[in-house]
Protein chains: 2
Amino acid sequence: MKKRATQADVAREAGLSVTTVSLVLNGRRNTRISEEAAERVREAAERLDYSPDPTARSLRTGRTRSLAFVSDGVTVTRYASAMIRGALDAAEERGYTVLMAEVGERPERLEKVVASMLERRVDGLLFGFMSARKVGLPALPRGKRTVLINGVADGLPAILPAEQDAGEAAVNRLLAAGHRRIAFIGRSERVLDPYLSATIPQRYAGIDAAMAAAGLDFAAEAEGHEWEPELGYRGTLRMLDDAASFTAILTANDRVAFGAYQALQERGLRVPHDVAVMSFDDEQLATYLHPPLTTMRLPYREMGALGARMLLDEEAPAPATLVPMPLVERGSVA
Amino acid sequence: MKKRATQADVAREAGLSVTTVSLVLNGRRNTRISEEAAERVREAAERLDYSPDPTARSLRTGRTRSLAFVSDGVTVTRYASAMIRGALDAAEERGYTVLMAEVGERPERLEKVVASMLERRVDGLLFGFMSARKVGLPALPRGKRTVLINGVADGLPAILPAEQDAGEAAVNRLLAAGHRRIAFIGRSERVLDPYLSATIPQRYAGIDAAMAAAGLDFAAEAEGHEWEPELGYRGTLRMLDDAASFTAILTANDRVAFGAYQALQERGLRVPHDVAVMSFDDEQLATYLHPPLTTMRLPYREMGALGARMLLDEEAPAPATLVPMPLVERGSVA
DNA sequence: CGTACCTGCTAAGTCGATTTATCAAAGACC
DNA sequence: GGTCTTTGATAAATCGACTTAGCAGGTACG
């Protein structure tokens, strides 16, 4: 196995000095190298299949062309892991490598993990979180570029889903289908704590704004902060038992919608004919249902990509950037 | 922002040479440094909060204490992404950093991605795949340690789920519950192609072996290679319509089981009272069902961790290592 | 007493790049 | 002809660690 060619090899091959080689290959201007010499360097590099050693370059320049992606637990999260893909793709486009680390259920590990990343001399830090909430982060050196994806921390640029718009769009979708008597499952005072969620209040606000704009109140509501199928199932049954009259259900997320489907089916009600269902998140689950679920997608991949771009493109980072949540039309609203 | 301390700073602080500092901090033996000098070095390092620069160290030693995790698309896969967590944790334990890259739907990108990782001088390559199948990989330099997780390639060590054992265990679980008339959904000739799946034949083999050992044939079967809810739904309805008599259904995976649940519910059959359901994979979905699904878990996280350990622990790598698939008891088998 | 051998430590070279400071030769100018 | 610029290139320093080869000074031995 032959060793890789170094700049010195290229210099020898071209009959020039390493200085010249370095200047040419880095495309430096105002450098008074003749075009003929430059061409000799490029040809020699080509012949030897030269590529610079990133380690040596980093040692000299202090920059590593790498960034850290630190998360709480997106890899083990049903759908948030797409955030990683977005960040990886955007980084690769720019020739950057991504160093990953996860702290799992132990936020106290953040400090050590971040320190280890800084030690590795990453050029920037990307933090990604499973659910959009306010987080505490260890002190970061000034000047080290940092972006939060799906999370909020004092003084750091953040990327979040545009929940208010999504709330309005969800209601408007139901209104557009002619629904006037709408039920809502999943309101809760508890999620107003920013450390539990930084975005759900916006979702509520959008929903309420759209309803108010249409001059409507919800025909029924089932409260609850544990957004699991059980809530959708019990909530739907309770509303039906209360003899509430509604033609559509808006659910807090897809898992709740799943529970609602089960309750509706038990009662012999068909989706979307008897009751339309509209939801948020777009988990994989949404495609399994019968009929598949119409829902507002959480744009994880886009958020990941945007985060990496903001970090690397050296633009003045906005304090908070909202990424649109697309309406995914599937058939549960008619 | 003060600069980091270097070895030279420590040497000055201790009143000794950098050579001594290096020898002491690397814990070299047979080096004839007095305990007193060593102590002075350690104290100086402590005072200055010194930690070695990995870039400089890598340049000199040729090793980076980093490994590449290259995958097809595990980040966007519902549950395989846990593989990443396993690898991250095992790497971190050993002081290694993980560089991630994904090629998505474009396997032709593998070559470029691997080249870029090798350029970064990773100490080893970990390949992770969404579904266990035979894969084509670019030529790798000899001597570069490589392990495949959930995939197979000629001449490279691989880590796979112990599907044969799992197949047997699944059938045995049903037998232990007293079932004798068992239906099976999801057999297919097509998945016998190793480029589609390297492990499903083992799953079938285990299932068939356990049935044969009990002297039983399946009471009914529904074939199909697209293991989505639709198959479970239609398959179950067809078997019921054929007046097949069975007390349990074994499904090829959880999504198929999900479809089976829907069909059973439509026909007024209760799980597990009327029909038990037993499955494979343990997707998140399995916990959403009513009752939650009993299934053989694909041990993604364990496979990821084992892969990283094999890569880093320099053991003689076995050509293929099988990781047990645990039985997750949830309530769909009584 | 002279040589050999420890002991404890360090000077200097190296890894592969980037960058600063110069240098030789040729041309410009008076 | 002598001085000043410009041109085209390079030697050497540097980044921060690891590693090889040695160097003083003391002790042991014949």
Side-chain angles (χ1 to χ4, degrees), chain A residues 2-45 48-66 95 118-123, chain B residues 2-45 48-66 95 118-123:
Chain A
K2 58 181 179 297
K3 268 191 306 196
R4 296 164 46 96
T6 73
Q7 223 170 53
D9 297 329
V10 176
R12 201 174 314 117
E13 174 86 5
L16 292 161
S17 72
V18 291
T19 307
T20 308
V21 173
S22 175
L23 293 175
V24 169
L25 295 182
N26 286 308
R28 301 285 290 263
R29 288 163 205 287
N30 310 329
T31 189
R32 299 201 306 252
I33 304 280
S34 67
E35 184 47 44
E36 185 254 331
E39 192 51 35
R40 279 206 344 256
V41 167
R42 281 190 287 265
E43 275 170 9
L48 297 181
D49 192 25
Y50 168 78
S51 73
D53 182 328
T55 311
R57 174 177 275 178
S58 295
L59 176 59
R60 184 64 236 246
T61 63
R63 303 191 316 106
T64 54
R65 294 192 80 74
S66 69
L118 291 175
E119 209 164 85
R120 294 257 176 185
R121 297 280 194 287
V122 293
D123 295 338
Chain B
K2 57 180 180 298
K3 269 190 304 196
R4 297 162 44 96
T6 74
Q7 225 171 51
D9 297 330
V10 176
R12 201 173 313 118
E13 173 87 5
L16 292 162
S17 71
V18 290
T19 307
T20 307
V21 173
S22 175
L23 293 176
V24 169
L25 294 183
N26 286 308
R28 301 284 290 261
R29 287 160 206 289
N30 311 328
T31 190
R32 300 199 306 253
I33 305 280
S34 68
E35 184 46 44
E36 188 253 329
E39 192 51 34
R40 267 183 23 234
V41 167
R42 282 189 286 266
E43 276 170 8
L48 298 180
D49 192 24
Y50 168 78
S51 72
D53 182 330
T55 311
R57 175 177 274 177
S58 295
L59 176 59
R60 184 63 238 250
T61 63
R63 304 194 314 108
T64 54
R65 295 191 80 76
S66 69
L118 291 175
E119 209 165 85
R120 294 257 175 185
R121 298 280 194 287
V122 294
D123 295 338

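Quick note: numbers below take in every heavy atom, side chains included, and nothing from hydrogens, waters or symmetry partners. Letters A, B, ... are given to chains in the order of the sequence lines, protein chains preceding strands, and every chain is numbered from 1.
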Checklist entry - Mind checking whether B/L59 and B/T55 have side chains closer than 4.5 Å, heavy atoms only? => result no
Next on the checklist: Are the side chains of A/R120 and A/T64 in contact, using a 4.5 Å heavy-atom criterion?
Outcome noted: no
Checklist outcome for this item: Assert: residue with more 5' nearest nucleotide on DNA chain C, out of A/R32 and B/E35, is B/E35
Item to check | d(CG, A/N26; P, C/dT20) in whole Å | outcome: 13 Å
Next on the checklist: For a quick test of reading the model: is some side-chain N or O of A/T20 closer than 4.0 Å to OP1 or OP2 of D/dT10?
Outcome noted: yes
Item to check | d(CZ, B/R63; C1', C/dG16) in whole Å | outcome: 19 Å
Next on the checklist: What is the separation between atom CZ on A/R65 and atom P on C/dT18, rounded to the nearest whole Å?
Outcome noted: 12 Å
Item to check | B/L48 CG - D/dG16 C1' separation (whole Å) | outcome: 15 Å
Checklist entry - Can you find an N or O donor on one side and an acceptor on the other, under 3.5 Å apart, linking the side chain of B/S58 with the base of D/dA17? => result no
Checklist entry - Hey, which of these two, B/T61 or A/V18, hits DNA chain D nearer its 5' end, going by closest nucleotide? => result A/V18
Next on the checklist: Side chain of B/L23 only, heavy atoms from C-beta on: which candidate in D/dC18, C/dC15, D/dT19 is closest?
Outcome noted: D/dT19
Next on the checklist: For C/dT19 and A/R28 - does any side-chain N or O of the residue sit under 4.0 Å from the phosphate oxygens OP1/OP2?
Outcome noted: yes
Item to check | Side-chain N,O (A/S22) to OP1/OP2 (C/dT18) below 4.0 Å | outcome: yes
Checklist entry - Where each residue is assigned the nucleotide of DNA chain D containing its nearest heavy atom, which of B/Q7 and A/L16 is assigned the position nearer the 5′ end? => result A/L16
Item to check | Atom pair distance, as rounded to whole Å: CD1 in B/I33 and P in D/dT19 | outcome: 14 Å
Next on the checklist: What I want to find out is whether B/R40 reaches B/E43 closely enough, with some N-O distance under 4.0 Å, to be called a salt bridge.
Outcome noted: no
Next on the checklist: At less than 4.0 Å, is any side-chain N or O atom of A/T55 found next to OP1 or OP2 of C/dG16? Yes or no.
Outcome noted: no
Checklist entry - Please give, in whole Å, the distance from C/dA17 P to A/L25 CG? => result 10 Å
Checklist entry - Which nucleotide in the set C/dT19, D/dT20, D/dG16 lies at the smallest distance from any side-chain heavy atom of B/D53? => result D/dG16
Next on the checklist: Salt bridge check, A/D9 against A/R4: does any charged N sit closer than 4.0 Å to a carboxylate O?
Outcome noted: no
Checklist entry - Any chance the side chains of B/T20 and B/S17 put a donor and an acceptor closer than 3.5 Å? => result yes
Item to check | Length of the CZ-P vector between B/R60 and C/dA17, whole Å | outcome: 15 Å
Next on the checklist: Treating A/T6 as the side-chain partner and A/A8 as the backbone partner, does any N or O pair qualify as donor plus acceptor under 3.5 Å?
Outcome noted: yes
Checklist entry - What is the nucleic acid contact for B/T19, judged by heavy atoms within less than 4.0 Å: base, sugar-phosphate only, or nothing? => result base
Checklist entry - What nucleotide among D/dT10, D/dG16, C/dG8 has an atom nearest to a side-chain atom of A/S17? => result D/dT10
Checklist entry - Between C/dG16 atom P and B/L59 atom CG, what is the distance in whole Å? => result 7 Å
Item to check | Nearest-nucleotide pick for A/R57, side chain only, options being C/dC15, D/dC18, C/dT18 | outcome: C/dT18
